[in-house]
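Report on the structure given below.
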Amino acid sequence: MSEQLDRNLALDLVRVTEGAALAAARWMGRGDKNNADAAAVNAMRLLLGQINIDGMVVIGEGEKDEAPMLFNGERIGRGVQDTDECKPAQLVDIAVDPVDGTRLLSLGLPNALAVIAIADRGAMFSPGHVVYMDKLAVGPAGRGVIHIEASVADNLHALARAKGTDDVGDLTAVILDRPRNQKFVDAVRACGARLKLVSDGDVAAAISTALDGTGVDILFGIGGSPEGVIAAAALKCLGGDMQAKLWPRDDREREYAQQDGHDINQVLTLDDLVRGENVFFSATGITDGEMLRGVHYSNAGATSESLVMRARSGTVRRIASTHRLEKLMRYSQIEFGA
């Protein structure tokens, strides 16, 4: 007997990331990271409120303050306030990065994305106040063959064998270009593998390991913990693999981790980061990039490109959309215009 699939929330989520991308793209190259991020946050918040979910923000825009942000612990969705829905709202965890690459967007550089992931309530790992993770990510070919406590060389050779080659020179690693990651850079170069350094865009870098055509095979290095959880959701949809360990910056963060019940020595598997198969992910390009085309405006409106996925069905969609802004502005509170 075939398994019945429930509502595909990914198709609701693409409206959320499209709205965030359309709003944020107006700030491209204007050197204002805060207003660019705020535009995306406000669009996401408004559009999430229209979906029949009772969502808990696990990865959001920090703690609650006076501004209407997507703060950690916030409940959002139509199901939070509308109890008269014919179909009960799904209880879900929400992870958002309204702009993955705010610096990229503010400077008009490639690869800025609007991203969101949703899973069943209680399924997503919450890193709390620990800002960074040591991460290792691969595509489907590397599933089950990598380990974060193995050396860079061992992981490269294991992945090369899984891909049917003995030459690690055929592989390309991606690493976030930060001083804390220099040891990974040195180790990859010492092995003879190719290397791609990225200045920003932690989520996009991890996802690129599992997408055809990116030329990237494996991600090493220390990057954002929230971005790690979002990337894990995407990799689960793509059939990839990921491991991580919390990386406290100081004694204060180590104490926070202990208070939250986290073991900083624990190897977090893909299933630790996002449990189950009822996982949905959407990303929309804000600026042009290797993964997605960005938002382009014209007199006729705007165009966007999105990547939309769900883990249970394994479906991956690329959605190219045309938006007539005068139509959107009739019913939307989002400022899509110039």
Side-chain angles (χ1 to χ4, degrees), residues 58-59 93 95 117 119-120 122-163 168 171 173-176 178 180-188 191 193 202-203 205-210 216-277 279 281 311:
V58 176
I59 303 294
D93 282 348
D120 287 331
M124 286 184 172
F125 178 80
S126 175
H129 294 85
V130 183
V131 176
Y132 292 110
M133 282 178 176
D134 185 0
K135 293 178 275 192
L136 177 64
V138 291
R143 188 170 179 85
V145 304
I146 48 99
H147 200 286
I148 198 167
E149 293 186 329
S151 68
V152 167
D154 285 346
N155 279 312
L156 285 171
H157 283 289
L159 181 59
R161 288 191 296 270
K163 285 183 168 250
V168 297
L171 302 181
V174 61
I175 298 175
L176 190 64
R178 299 289 187 273
R180 62 179 178 267
N181 287 329
Q182 189 60 44
K183 63 179 181 180
F184 298 103
V185 171
D186 294 341
V188 169
C191 291
D202 214 358
V203 176
I207 297 172
S208 69
T209 64
V216 173
D217 301 287
I218 187 167
L219 173 138
F220 294 102
I222 298 159
S225 295
E227 291 84 352
V229 177
I230 296 172
L235 287 167
K236 177 156 279 197
C237 294
L238 288 163
D241 202 1
M242 182 174 180
Q243 292 183 359
K245 294 179 73 173
L246 290 174
W247 194 79
R249 293 174 293 180
D250 49 35
D251 289 339
R252 186 178 184 185
E253 285 197 359
R254 276 185 280 274
E255 184 178 345
Y256 282 142
Q258 186 176 17
Q259 290 172 358
D260 290 337
H262 295 318
D263 178 0
I264 61 173
N265 296 312
Q266 180 187 358
V267 174
L268 299 166
T269 67
L270 189 66
D271 287 330
D272 291 322
L273 294 167
V274 184
R275 294 196 303 276
E277 292 295 317
V279 181
F281 176 87

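Quick caveat: nothing in here was measured; it's all calculated off a predicted structure.
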If you take all heavy atoms of V174 and A205, which pair is closest and at what distance?
CG1-O, 3.8 Å
Given side chains that start at C-beta, do those of E149 and Q243 come closer than 4.5 Å, heavy atoms only?
no
In this structure, CE of M133 is separated from CG of L273 (nearest 0.5 Å) by 5.0 Å
Pairwise ring pair (Phe, Tyr, Trp, His ring centres under 6.0 Å) hits with a residue in residues 217-262, at least two apart:
F125-H262, H129-Y256
Identify the heavy atoms of A95 and M124 that sit nearest to each other, and give their distance.
CB-SD, 3.7 Å
In terms of heavy-atom contacts, does CD of Q266 have more than 12 from other residues, nucleotides or ligands at under 6.0 Å?
yes
Determine, for Y132 and R180, whether the Lys NZ or Arg CZ falls below 6.0 Å from the six-membered ring centre while staying within 45 degrees of the axis.
yes
Can any side-chain N or O of E227 pair as donor or acceptor with the backbone N or O of D202 at less than 3.5 Å?
no
Taking 4.0 angstrom as the limit, do K183 and D186 come out as a salt bridge?
no
Checking side-chain contact (heavy atoms from CB on, under 4.5 Å) against E253, which of L246, I264, V131 comes through?
V131
Is there a side-chain contact between L159 and D217 (heavy atoms, below 4.5 Å)?
yes
Quick one, K135 and L219 - any side-chain contact, counting heavy atoms below 4.5 Å?
yes
Test F184 against every option in L136, I175, L176 by the side-chain contact (heavy atoms from CB on, under 4.5 Å) rule and name the one that passes.
I175
Closer than 3.5 angstrom, by distance alone: can the side chain of D241 be matched with the main-chain N or O of G144 as a donor-acceptor pair?
yes
Considering only NZ, NE, NH1 and NH2 on the basic side and carboxylate oxygens on the acidic side, decide whether K236 and D271 come within less than 4.0 Å.
yes
